[in-house]
Every structure is written in C-alpha cells, then in structure tokens.
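Read through the structure below, which is laid out as structure tokens, and then see the notes.
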Amino acid sequence: MAGNRIKSENSLQFRKLWRWVAVCGVLTALGLVFVFQRISIHNLSEEINDLQDSLTQIQQKNSVYRLEIEKLKSPEELQGRVAMLGLYMIEMSDPSIEVIEARTGEHSMVADRRMNP
C-alpha cells in the first residue's frame, strides 16, 4: 500500500495539466489574433496615407487644369487662336451686323446681314 500512496502523491495530475495547456493555448490564440489585428490596422493606415497623398496630388493637378481652362476660355486667348487659324472673324460688338437665326424642324441656321448705312 505504501507504494500506491507514493505513486498517487508524486504523480502528475493530468486534469490540472490539461487545464493549463488549454489556458496557454487560448492565451496564445488570443495573442496571435491581437498581433494579426495590429498588423492589419498598421497596413490599412499606410494604405490610407498613400490614398490621401494621391488625393492631394490629384487636387493639385485639378487646380492646375482649372487655371488652364480659365486661361483658354479668356477672350484674348480665343482671339489669338482665331487670328492664328486665319478665320477672319469679326467682333460681335460691331453695330453694322445683325445676327439672324432661323429654325426649321431639325435644322437651324445662323446668318449675318450687313446693314446699309
């Protein structure tokens, strides 16, 4: 009987051991999930920063394009292009010209009629 007591006193208690293994496994799993989430958050923040930088660049290009459009719309620029192309257009402020617009069904026509003084 003495042998049985020694064996029972010094033997590993498997329930406690398995409980500790299970607790360590759960803590390890939670730690891995935590690290994975932190890495994901870091990657997403870098992606957001890259997208914000590209948005800033696009907005700068947009402002440059808006200025270019406004410049190309200016009357001086349009007159220069007309002169360069040799269209020989006259100014609309000329009082000797009357603009007549005619519409018939699907077609429309614009003509000028010079007034005789």
Side-chain angles (χ1 to χ4, degrees):
M1 292 261 209
N4 287 339
R5 279 191 221 152
I6 293 174
K7 186 175 182 184
S8 66
E9 289 177 7
N10 293 331
S11 68
L12 293 174
Q13 296 177 354
F14 285 109
R15 281 190 177 171
K16 287 184 179 180
L17 179 66
W18 284 113
R19 197 175 299 159
W20 278 106
V21 168
V23 167
C24 289
V26 168
L27 290 176
T28 302
L30 289 175
L32 289 174
V33 168
F34 175 76
V35 169
F36 176 74
Q37 287 179 345
R38 294 294 289 184
I39 290 171
S40 296
I41 289 170
H42 179 71
N43 289 340
L44 287 174
S45 67
E46 285 183 357
E47 186 176 345
I48 288 171
N49 288 336
D50 291 343
L51 289 173
Q52 286 176 343
D53 291 343
S54 65
L55 177 64
T56 303
Q57 290 175 356
I58 289 171
Q59 287 174 340
Q60 289 173 351
K61 286 181 183 179
N62 193 16
S63 64
V64 168
Y65 292 148
R66 284 183 193 269
L67 288 174
E68 187 174 344
I69 288 172
E70 290 301 319
K71 178 186 167 199
L72 292 174
K73 280 183 173 180
S74 70
E76 296 84 17
E77 182 70 25
L78 292 174
Q79 286 177 353
R81 302 251 325 155
V82 166
M84 183 181 74
L85 295 173
L87 296 178
Y88 304 111
M89 298 180 79
I90 55 175
E91 290 186 30
M92 290 302 292
S93 61
D94 191 357
S96 66
I97 296 176
E98 182 179 343
V99 177
I100 302 171
E101 182 177 352
R103 293 181 184 212
T104 57
E106 300 173 0
H107 305 288
S108 67
M109 183 169 65
V110 177
D112 65 357
R113 182 175 72 193
R114 299 191 188 275
M115 298 173 59
N116 293 329

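The hydrophobic cluster containing Val23 also includes Leu27, under a criterion of side-chain heavy atoms closer than 4.5 Å among ILVMFWY residues, counted directly or through chains of members. The hydrophobic cluster around Val26 extends to Leu30, counting ILVMFWY residues whose side-chain heavy atoms fall within less than 4.5 Å of a member. Hydrophobic cluster of Trp20: no remaining members, since no ILVMFWY side chain lies below 4.5 Å from it.
Evaluation of the side chain to side chain contact (heavy atoms under 4.5 Å, CB included) rule for Trp18 yields Phe14, Val21 as partners, not counting sequence neighbours. Residues forming a side chain to side chain contact (heavy atoms under 4.5 Å, CB included) with Arg19 (at least two apart in sequence, or on another chain): none.
Remark: Leu67 CG to Leu72 CG distance equals 11.0 Å, nearest 0.5 Å. Between Ile41 atom CD1 and Ile48 atom CD1 the span is 10.5 Å, to the nearest 0.5 Å. Taken from CG in Leu44 to CG in Leu51, the straight-line distance is 10.5 Å, to the nearest 0.5 Å.
Pairs passing the side chain to side chain donor-acceptor pair (under 3.5 Å) check and including a residue from residues 54-75, sequence neighbours excluded, do not occur. Screening residues 28-47 for side chain to side chain donor-acceptor pair (under 3.5 Å) gives His42-Glu46 as the qualifying pairs, with residues at least two apart or on separate chains.
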